[in-house]
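Everything on this sheet refers to the single structure shown next.
All values below come from the heavy atoms of this structure, side chains included, with hydrogens, waters and symmetry mates left out. What you see is a predicted model, and the numbers here were worked out from it, not measured in a lab. Residues take their numbers from the sequence shown, with the count starting at 1.
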Amino acid sequence: MALAAASLLSHSQGLPTWRVLDTGMSPERLLSLWQAWRSMKAEPRVLHLVVICPSPASVDELLQAGQALGLPSLSTELAAQWSGLLPGFQRLSLADGRLQLTLCWGELLPMLREQQFEADSVWLDSQPAWDLWSIKALARTCRRGAGIWSIELTGELSTLMAQTGFHTQGNQSRYDPPWKIKTRHPVAKPIVPDECVVIGAGLAGAAVAASLARRGWQVSVFDAAAGPASGASGLPVGLLVPHVSSDDSPRSRLSRAGLRLTRQEANRLLHMDEDWSPTGVLERRLERPAGLPAWWPQDRTDLSQLGGSENRCWLEGAEPALEIWHPQACWIKPSTLVRAWLSTQGVEFLGRRSVHRLKRIDQGWELLDQHGHPLGRTAHVVLANASGTSALLPATQYAPMLPPLQSVYGLLSHGKHLEGDATLFPPYPVNGLGSLIPRVPTAQGLAWYAGATYGEADDAAQARAQHQQENLSRLARLLPAVASTLAPSFSSKNLAAWDGVRCHSPDRLPVVGPLDQTEHPGLWVCAAMGSRGLNFSCLCAELLAARMGGEPLPVEKSIARRLDLGRFKRLQVQQLKNAVFQSSEQPSCQDR
């Protein structure tokens with residue numbers, strides 16, 4: 001097993017990244033590969049391991065493999081993240097983010113077709129039923145020269161591989177077809193880590209900076225404010241909670257993937273019960289009764305489940321609601337996560353740098369201030385400055401790719417817990433019509449937070465008191481007993497509040513990817529996180545880094561397309577086609 005692992009990494013010495021595709025689930029092979037990578041003198045900075053399997057191994061199998069190989073610390077780190085698994089893609093971040101494991105739970109052919117990268121090495125498991133279609137799909141995930149290893153290759157399998165461009169000798173093969181390989185992916189040649197400027201120091205920008213820096217980039221983060229997280233990411237506390245739906249929509253799947261990644265980062269970088277806490281969250285659906293998908297596992301304590309709460313005083317008087325318990329959900333202080341990401345080696349934060357215009361130059365892009373003075377030059381720019389993204393892009397030139405992003409004002413009410421009120425509040429956050437997050441540690445003691453509201457960004461100042469009352473009204477429906485307890489605080493003019501402006505796209509999903517690599521190479525966007533910045537920021541950053549470096553995607557290709565900027569242009573084309581079709585259906589004068 002150690003020899004096979006060393007073979008998979010045999011040509012990776014000193015390279016920034018190495019991409020391994022494993023078409024079977026073997027805990028021993030996985031751990032051996034991890035150990036072989038750690039033992040290399042000049043190992044790749046980031047190792048990507050994509051594992052396709054019909055079902056994942058159990059936690060016990062992982063731990064037993066670790067003991068058998070003498071690698072208990074590795075199997076324990078892996079087992080700690082081996083929860084909440086469902087069919088589809090799951091990204092696990094190990095070894096301080098330098099080992100990225102993408103577990104693809106499903107049938108071989110569909111999982112191969114959902115890939116969008118070119119593997120450097122492949123372990124060909126002989127257990128799946130290989131046919132011509134699956135071998136062709138495998139070929140589309142290999143770069144020219146990729147090495148293929150297997151325990152045994154049958155005569156039929158060797159024949160199929162020879163037909164699709166693989167040269168086989170013994171148990172090893174190499175993908176090197178005698179024909180020209182057509183471009184198979186929308187991403188051009190992977191970019192070698194270089195210098196990059198990220199505009200915006202909120203959750204989106206900080207996550208992008210950290211993801212790129214882990215891959216060897218030198219990243220400068222520009223922000224108009226003096227410090228990071230000065231906008232919506234300065235929210236005192238927020239919920240990291242999955243969106244679930246009866247049809248398991250793309251939004252639901254994206255939110256689950258984002259929750260996993262962000263929670264891994266919080267566990268790695270933040271202080272538990274001070275900066276974040278894995279409390280779980282109870283969702284009470286008063287207005288959206290639809291629940292979980294019909295296929296959802298009903299016996300898993302690590303997944304969201306339907307279930308009523310025990311009748312405690314804090315639920316007294318509450319109207320009936322569909323209740324969903326999210327065991328993986330937690331609260332996080334976003335600004336602490338932003339600062340942790342900006343502390344990554346290779347990241348430099350530069351405040352009071354307000355970029356007003358981008359100018360194309362021979363070597364990339366020049367960033368100019370309001371007076372036209374240069375703030376910096378770089379070959380690569382990532383726009384992660386929320387609604388400010390649209391201002392930097394001339395509407396007439398970029399409208400087909402990026403429609404105007406919209407701003408939404410929100411206010412979060414908060415106050416200190418009083419002595420003896422522990423039984424009056426739920427022991428964990430409750431989400432539904434807004435949310436209540438109790439017992440958050442602050443410099444002034446434990447605090448509660450209620451909200452947040454949605455409103456027009458232009459009338460925020462005069463509507464502050466109205467938004468406070470709106471938070472109380474929503475809380476009165478969500479948790480009437482708690483609202484009654486807090487009513488005197490809301491009546492006070494001194495009730496504390498935090499307000500800010502979120503940014504979202506027309507379809508309420510983030511926008512991630514290159515703006516136009518043909519006309520404007522080196523210009524990327526990662527923005528419009530909306531009210532789910534904690535869910536989406538890390539996921540979008542990893543997706544952007546993957547597209548820049550030609551790496552495996554953290555989610556299925558079909559799901560990633562939902563976030564691509566090209567979706568707006570595709571929608572315009574489809575609308576135009578529909579309009580032409582409808583006009584052709586109209587009766588002519590003769591028909592009338």
Side-chain angles (χ1 to χ4, degrees), residues 59 80-88 90 237-249 251-264 266-267 272-273 276-333 422-440 448-452 474-483 531-532 534-536 539:
V59 170
Q81 296 189 27
W82 209 257
S83 62
L85 302 179
L86 284 169
Q90 359 263 319
V237 65
L239 289 181
L240 178 61
V241 62
H243 175 276
V244 295
S245 56
S246 57
D247 60 349
D248 200 28
S249 67
R251 184 187 302 275
S252 298
R253 296 165 69 183
L254 285 165
S255 74
R256 283 202 306 272
L259 183 149
R260 175 181 293 278
L261 286 173
T262 304
R263 181 173 164 131
Q264 291 171 177
N267 192 48
M272 188 180 295
D273 296 329
W276 79 291
S277 184
T279 55
V281 171
L282 176 67
E283 180 180 358
R284 304 194 72 245
R285 291 190 172 181
L286 301 171
E287 297 180 344
R288 295 174 295 133
L292 301 172
W295 57 266
W296 196 265
Q298 299 296 316
D299 56 348
R300 295 268 299 275
T301 58
D302 60 337
L303 293 174
S304 300
Q305 295 290 355
L306 297 176
S309 303
E310 61 274 28
N311 186 20
R312 297 184 180 178
C313 58
W314 49 269
L315 270 177
E316 183 180 349
E319 60 184 281
L322 178 72
E323 294 190 345
I324 304 176
W325 173 247
H326 302 290
Q328 300 289 333
C330 55
W331 60 256
I332 297 180
K333 297 177 181 178
T423 60
L424 303 178
F425 288 81
Y428 36 70
V430 179
N431 197 28
L433 288 175
S435 62
L436 175 74
I437 310 176
R439 299 178 183 82
V440 178
W448 57 264
Y449 294 83
R474 289 185 175 186
L475 187 60
R477 287 197 62 194
L478 184 67
L479 297 170
V482 176
S531 60
R532 288 189 176 270
L534 284 170
N535 278 87
F536 290 145
L539 172 64

Spacing of [atom1] belonging to [X] relative to [atom2] belonging to [Y], to within rounding of 0.5 Å:
X	Y	atom1	atom2	result
L303	H326	CG	NE2	11.5 Å
L282	Y428	CG	OH	5.0 Å
R477	E319	CZ	CD	4.5 Å
W296	S246	CH2	OG	12.0 Å
D248	W295	CG	CH2	4.5 Å
L424	E316	CG	CD	10.5 Å

Look at the side chain of [X] and the backbone N and O of [Y], then say whether any donor-acceptor pair between them is shorter than 3.5 Å.
X	Y	answer
S435	G451	yes
E283	V281	no
R532	V241	yes

Heavy-atom closest contact ([X] atom, [Y] atom, distance):
X	Y	value
L322	G291	CD2-CA, 3.7 Å
V482	P426	CG2-CD, 4.1 Å
R284	L478	NH1-O, 3.0 Å
R285	A321	O-CB, 3.5 Å
F425	L436	CD2-CD2, 4.0 Å
C330	S277	CB-O, 3.0 Å

How about [X] and [Y]: do any of their side-chain heavy atoms sit closer than 4.5 Å?
X	Y	answer
R260	L85	yes
N267	P278	no
R251	N535	no
T301	P327	no
W314	P427	yes
P297	L86	yes
L315	L479	yes
S83	Q328	yes

Assess the side chains of S255 and S252: does a donor N or O sit below 3.5 Å from an acceptor N or O?
no
Step-by-step side chain to side chain contact (heavy atoms under 4.5 Å, CB included) determination, S249 to H243:
CA-CA 9 Å; S249 67; H243 175 276; 4.1 Å; yes
